[in-house]
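Protein chains get the first letters and strands the later ones, always in sequence-line order, with residue 1 at the start of each. Both backbone and side-chain heavy atoms feed into the values below; hydrogens, waters and symmetry mates do not.
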Amino acid sequence: MSTALLAFVFTGLGGGALLGWFVALGLPIVGLYLLRVRRRRVAVPFLALLREWPGASRRTALERSLRHVLSLLVQLALLLLLLLALADPRPEGQARPSRSLALLVDVSASMATTQAGQSRFERARLRANELIGSLGAGDELLVIQLGAHPRALGGFSRDRARLRDAIAGLDVLDTSADLSAGLRLADDALRGRERGEIVLLSDGAFPAHGLGEAPRHPLRYDPLDAGPGPQARPTVPSPPAPPAESPTSSTASAPTEPPAAPLDNLGLVAFSARRYPRDPLAFEVLAVVHNAAAEPREIELTIAAAAPGAADVPLELVRLRLAPGETQRHVRANLTGADERLRASIRRLDGREDGLSRDDSAFAVLPPPRSARVLVVGEPNTFLDAALLAEPGVRATRVSAAAYPPAGEFDVTIFDGAFPARVAATGPALYLGTPPDPTAPQSPTSPPDQAGSRYPVGVGKALTDFGFDHWLREDPLFRFLDPYDVQVLRGRELSPSAADRVLGRSDQGAILVAGERSEGRFLALGFDPRDSDFVLRIAFPVFVTNALDRLLAARADGRALDSSHLIAGVGAALSVPGLAQGWAEIVGPEGPGALRLRVPVVEHSLVFAPERAGFYRLESAGSARTLAASLVDVDESSVAPRRKLELSGQSVRPLEALEPLEPTTPWTWLVAVAWLIALIEWLSYHRRWTV
Amino acid sequence: MGSLFDADFLRRLESLALSSRRTSSGERRGEQRSKKRGSGVTFADHRPYAAGDDIRFLDVASYQRLGKLLVRLYEEDEDRSLCLLLDGSASMSFGDGRKFELAKQLAAALGYVGLSGLDRVGAYVLREDSAERMPPLRGKRRVLRMLRFLSAARANGATDLGRALRPVALAQRRGALAILLTDLYDPRGFATGIDVLRWNRLEPCVIQLVDEREARPPLQGDVRAVDVETDQSLELTVTRAGLDAVAKLHAERTESARRYCLARGVPFVVASVDQPFDRIVLEILRRGGIVE
């Protein structure tokens, strides 16, 4: 709404509203002035003396009225000036229609990248404050923290102090940033608002597959680079190898600015540890290091045992040389000396400061030694028995199919080529062996009513000469395991139901399925391992171990917890032994500024999405565990800024400098004049000129 | 009562004697000289002997020298009436009441002196149309009664000195020294009361009680001034210059009263509440011709 008056446009109150408010507020003032002044009553001993004083009647009633009229006029002038200030008059041509801005501030780990003594996040903060300072009177802004889980901080506001407080409350997290979710959130927030715009303050270090689609509202992108301070805005340093771009592009508008020093970064992009099944005191770790620099770098990788409140104890120290862009995987085997906590750290040997220090450390927790009661149903199987023997915490009991179910309690059952009707009392099940032919007649020894429940999934056609062509690498079943070149002689295709999950598949069909039935969870392998070279590989006992881990982790009493490493920003469902129903408390990361978080526990499980790397303590009635979270994200470690952002195949407009706030906006002058008049009024009052 | 006088002060007052430029006759023998010839000890004159004269007063020496029978005449000592007239209007107790307190103390002091000199001392607290009366007392033994009367006196009501003094003056069968203790805040004019005394054969003496704070009242800005006696009000806008003018009026009014009294042979004394009481009694009253 804007109303023109002379050469000014009212962007706040309109002309009619201004007049209405003036009349509405001015009438009570006039009315009060019309009231006779109630004088202070003062007792005197001899009134005749005052009557004799000629000055008492020297001032005429008209003069006294005129004095009050002057005071009334001053008050009305004050009111008018304040209303005019509320109307926010602006010179014609400078007025700008109000807009709604959703400000996405990237707080992902890569924003901590420092160059020339200033981090990208600090620059983003300055830039955000600049943006807030340039807001017009009717502009509203919403601050959105763009991390792994984008979050709006408060609502839309015109209050600059409040917005600046929101910006000041932001901090870099050890997570990635979900741009797609952030843009959706901004779109939703701007829905129904006029002139909605999205402004993205980020270094653009998003995974290429996570950019998502272009938002519905106009998006402007400020590619933050860790370079000179905000005084250089709106210019942006040119990239090291500037492509032939349009001169209007934001990346080509820094002819006088010295190029920023080249950024390089080395980071740990994976770190995990596991105990050896045979020796619970020994363990091995996997550390993956990435060199995001354009030159080869030498680093020192240290694996250390960590303890709360004590210095780390180095366990192994390795020198590595990484080629530009190289990612090296290192498995450090047969390590001992750590009870629970492990920390991996890297240090550059060239003495230079790393671009991003947050990915120079990673944390892991060794899982507690497992113990499980395993029931094996079927004839003796050397390979399987050997694999189970390799698990020190496993106590295996083998029975024939006819003896199933035996007396006693078991944590998991392995059906090894024998498939009697399963009962829930023997726990989750691992099905090994070629599934029964569905077209074959039922065994005469099997009860007819159990025929349909002997194998948990449907069985399809027979398969020959096949292997694992596709598998879910992220599933815990394939941790430390690569079944790519396993050769299988024969087997059968599995036909999972809709709720089942196919974990492995050959080109001919599904061969490894996980799911849950009324008897409990199961894993079904569509072939007998002895009909393949799987049993001859080291991968087989690892597979058995992982399968037991997977099934045991899903037990109702949750005796297993895969907490060796959590990825910051990624929510993980944790099943914790002995965790009481209700609430648990997670405290961490250990050190100054540790947060205390209450999370609900349902059926011994909870969901936790850490936002900072480090060790956490999970505490609930009767149990306490240690969790570890790390920033292990190759996209975050690749700190090279993305100066051009493309969404849905279109380049995002760079953020040009917003129209700055007029340094001498008329309303400030109006308020200043009102203040001056109030000052004069007070002075005249005290000098008794107007009373 | 103890606050009015202390013992030392009473002793000092005892040395004072009431002075009157005009002697008057008394009902009883007192310590004041009188025109009346009587049985005093101070020789006054001779007159020829007449039948019936007390032969004890025959002047034998004159008879031997002149051969005539002459009777010696003596001045007769007689007492004098002292009338203490205390203004009991509300203006006398305005503010912290120091003005009325001072008036009572002065009245008590003068009364004490009178009683010490065997004078007849009466006291009146003047109201708008009447007066509270203390019957004339004589003798020093009655001083406590006088002090009790003064202590119980309260100031309230309006001022009309002429109306209040008229019955008082008429009640005086003989001339008396009438000491009027007042602030002269009489809307009908201060002269009325003085003239009533003069015209009724009384010998007036005026002591004006003054509080300087009343000359410059604590007024500022728009006020409604209300008279404590009449409850009449006046709306004013008071400035510093206005206060100066009021103070000047107050001074002029006092000076006007002083001139009026001097012109008519009436002793006039200004007693300020800010002056030490001793000084007022021992010096100001002496300077005003009230005591010698």
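For Arg41(A) and Asp227(B), the salt-bridge test fails: no basic side-chain N is under 4.0 Å from an acidic carboxylate O.
In this structure, the portion of Asp186(B) lying under 4.5 Å from any heavy atom of chain A is its backbone and not its side chain.
Smallest separation of non-hydrogen atoms from Phe94(B) and Ala43(A): CZ-O, 3.2 Å.
A distance of 14.0 Å separates CG of Leu249(B) from CZ of Arg51(A), quoted to the nearest 0.5 Å. How far CG of Asp183(B) is from CZ of Phe46(A): 8.0 Å, rounded to the nearest 0.5 Å.
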Set out, in order, the CA-CA distance, both residues' side-chain angles and the distance that settles side chain to side chain contact (heavy atoms under 4.5 Å, CB included) for Val226(B) and Val44(A), then state yes or no. CA-CA 6 Å; Val226(B) 181; Val44(A) 295; over 6 Å; no

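Glu128(B) meets the salt bridge (charged side-chain N to carboxylate O under 4.0 Å, His left out) test with no other residue; sequence neighbours excluded. Contacts of Arg213(B) classified as salt bridge (charged side-chain N to carboxylate O under 4.0 Å, His left out), with partners at least two apart in sequence or in another chain: Asp96(B), Asp211(B).
Side-chain contact check for Arg224(B) versus Val42(A): every heavy-atom pair is 4.5 Å or farther apart. Looking at His250(B) and Leu49(A), their side chains come closer than 4.5 Å, going by heavy atoms from C-beta outward.
Of the listed residues Glu229(B), Arg253(B), Lys248(B), the one with more heavy-atom pairs under 4.5 angstrom with chain A than any other is Arg253(B). When each of Ala225(B), Ser233(B), Pro187(B), Ser91(B) is checked for heavy-atom pairs under 4.5 Å with chain A, Ala225(B) comes out on top.
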